[in-house]
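See below for the structure under consideration.
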Amino acid sequence: MTGVTYNWDFSFLWMYRWLLLKGIGFTVLYTVGSIIFGLILGLLVGVLRLSKSWFVNLPLIAYIEAFRCTPLLVQIIWFYYAFPVLVGLDMPAVVAGMLVLSLYTGAFYAEIFRGGVISMERGQWDAARAIGMRYVQVLRRVILPQAVKRMIAPFINQSIIQLKNTSLVSTIAVSELLYQGQLITSATYRPLETYTTVALIYFAILFPLTLGAQVVERRLQKSN
Amino acid sequence: MATAEPMIEINDLWKAFGALQVLKGISLDVPGGSAVALIGPSGAGKSTLLRCINLLEQPDRGRVRVGDQTIDCAGAKLPDDKQLAGFRARTGMVFQLFNLFPHMTAVENVSAGPRFVKKMQPNEAKDMAMAFLAKVGLADKANAYPSHLSGGQQQRVAIARALAMSPEVILFDEVTSALDPELVGEVLEVIRELAEEGMTMVLVTHEMVFAHEVATSVAFMSDGAIVEMGPPSEVMVRPQNSRTQAFLARFHSFTRTFAAVGS
């Protein structure tokens, strides 16, 4: 005989449906919230990163690389436990979670934004400047309308990853989907069914989004 | 008639890219209504000189005057964004690779300058743009995107875009070099018309026959300096400098043609 026979039974989870639903709600909230805050931050940092001044660039590069070159899990734990000690103010887990997720994804958005802008041909800058446009006009009228197209695909990819990233804030007891799964597991001692269900829920949310992203990407390619 | 005061005046212009000294003290006067052709081997600094005239490149040293606007590059302080934009708004430029804005139609490309730089009303700017498209023979392509136009048509739209700013001078940077041979003619035709109307222009070109025909004077550049300058009938047919002679010898079939015609 190999293995043990395990009687899979998902029916008990029905009792916990509201808990799971609340978890989904938090996961979506954290995803959407951190995408919005991250986008604002990323646009700001991305624009400033175009500056030629080292004085402006150095702190921004430090921020971007700090968040890109350390694991998100470490950042979450550090911000929840170490950061409050450092600055001497208490931060609830829900705030720390949103803060770190936004800072993290903002660093990636900033690079996507900057990459889109600097990928534009120099000739576009030349032509716009030659008719007398000022720097901000060149960006607004000529560079950004074209660069945005190049940013959309990486932006969607990063945002999809971001939804999965939210599961990491379960470590600081933010009651998103994975954390709810952990709660249910400790109450029922049935981790197999619970985590299988949690995984399926993530998949059910992300798979359609991924398909949608592919459609958008194809359309963008056609329009070029 | 050329007035006493030239339209473009360049004094002792220097430009280096890193260790490479590209322009070595260029001085050049372009009288109003004249067409100056810059010829010479690649790497001589022709395009850099052209890009310094509208300050797309910042000269390291020297003075550039176009019309009544002077930019002095002697000091450490560079002119600011606003000053540069104002300077360029009155100096048209047409590029080798057209550089049309691909997300705008032909008419939007042409009206972009009047609308966004001169703050003209959209309708007014559009009417004006249509008139310039008609001038370059492309009124029927007004709503086409650049990707649906041939190279020759794109370049004519680019010329209309420069004209729409009512520039005092137009700079042409090898504008036919990227075109299929059969499309070169239509672009040169438009430039020829502008020259006949008295538009002041500076052209970097490898079209020797065209330069001979349209330019009021030809400047031969080599190694960052203007080596020889004068009417095409002299510089191109009886060059005095040995470097000019060597360069033109490569087009010898052509020089012979003009020597024959000239005699």
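Note that the structure is a prediction, hence the values are computed from the model and not measured. Below, chain A is the first sequence line, B the second, and so on; all start at residue 1. Hydrogens, waters and symmetry mates play no part in the numbers below; they use all other heavy atoms, side chains included.
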## Note on the structure
Assert top hit (heavy-atom pairs under 4.5 Å, partner chain A, pool B:Leu171, B:Val117, B:Leu55) equals B:Val117
### Query
Side chain, backbone, both or neither: which part of B:Phe101 has a heavy atom under 4.5 Å from chain A?
both
### Message
Donor-acceptor pair, distance only, cut-off 3.5 Å: does the side chain of B:Asp81 make one with the backbone of A:Arg134?
### Response
no
### Summary
Scanning both residues in full, the closest heavy-atom pair of A:Ala130 with B:Asn54 reads CB-ND2, 4.1 Å
### Message
Minimum heavy-atom separation for A:Asp126 and B:Arg51, please, with both atom names.
### Response
OD2-NH1, 2.8 Å
### Query
Under a 4.5 Å heavy-atom cut-off, does chain A meet the side chain of B:Leu100, its backbone, both or neither?
backbone
### Message
Please check if the number of heavy atoms outside B:Glu197 that lie under 6.0 Å from its CD is greater than 12.
### Response
yes
### Summary
Honestly, the part of A:Gln137 sitting under 4.5 Å from a heavy atom of chain B is side chain
### Summary
Under 4.5 Å to a heavy atom of chain B? For A:Arg122 that would be side chain
#### Entry: Steps toward side-chain contact (heavy atoms from CB on, under 4.5 Å) verdict (B:Leu56, A:Arg129)
CA-CA 8 Å; B:Leu56 277 183; A:Arg129 287 199 157 126; 3.8 Å; yes
### Query
More than 12 foreign heavy atoms under 6.0 Å from CZ of A:Phe55: is that the case here?
no
### Task
Answer yes or no: is there a side-chain heavy-atom contact under 4.5 Å between A:Gln124 and B:Pro102?
yes
### Query
Hey, is CZ on A:Phe37 packed in by over 12 heavy atoms from elsewhere, all under 6.0 Å?
no
### Message
Just checking B:Lys118: does its NZ atom have more than 12 heavy atoms from other residues, nucleotides or ligands closer to it than 6.0 angstrom?
### Response
yes
### Message
Is B:Glu57 in contact with chain A via its backbone, its side chain, both, or neither, using a 4.5 Å heavy-atom distance?
### Response
side chain
### Task
Indicate the atoms forming the closest heavy-atom contact of B:Arg161 with A:Ile131, along with that distance.
CG-CG2, 4.1 Å
### Heavy atoms from other residues, nucleotides or ligands near CZ of A:Arg68 exceed 12 (cutoff 6.0 Å)
yes
#### Entry: Polar side-chain atom of B:His103 near backbone of A:Ile143 as donor-acceptor pair, under 3.5 Å
no
#### Entry: Largest heavy-atom contact set with chain B, pairs under 4.5 Å, which of A:Gly123, A:Pro145, A:Ala128
A:Gly123
## Note on the structure
Under 4.5 Å to a heavy atom of chain A? For B:Ser147 that would be neither
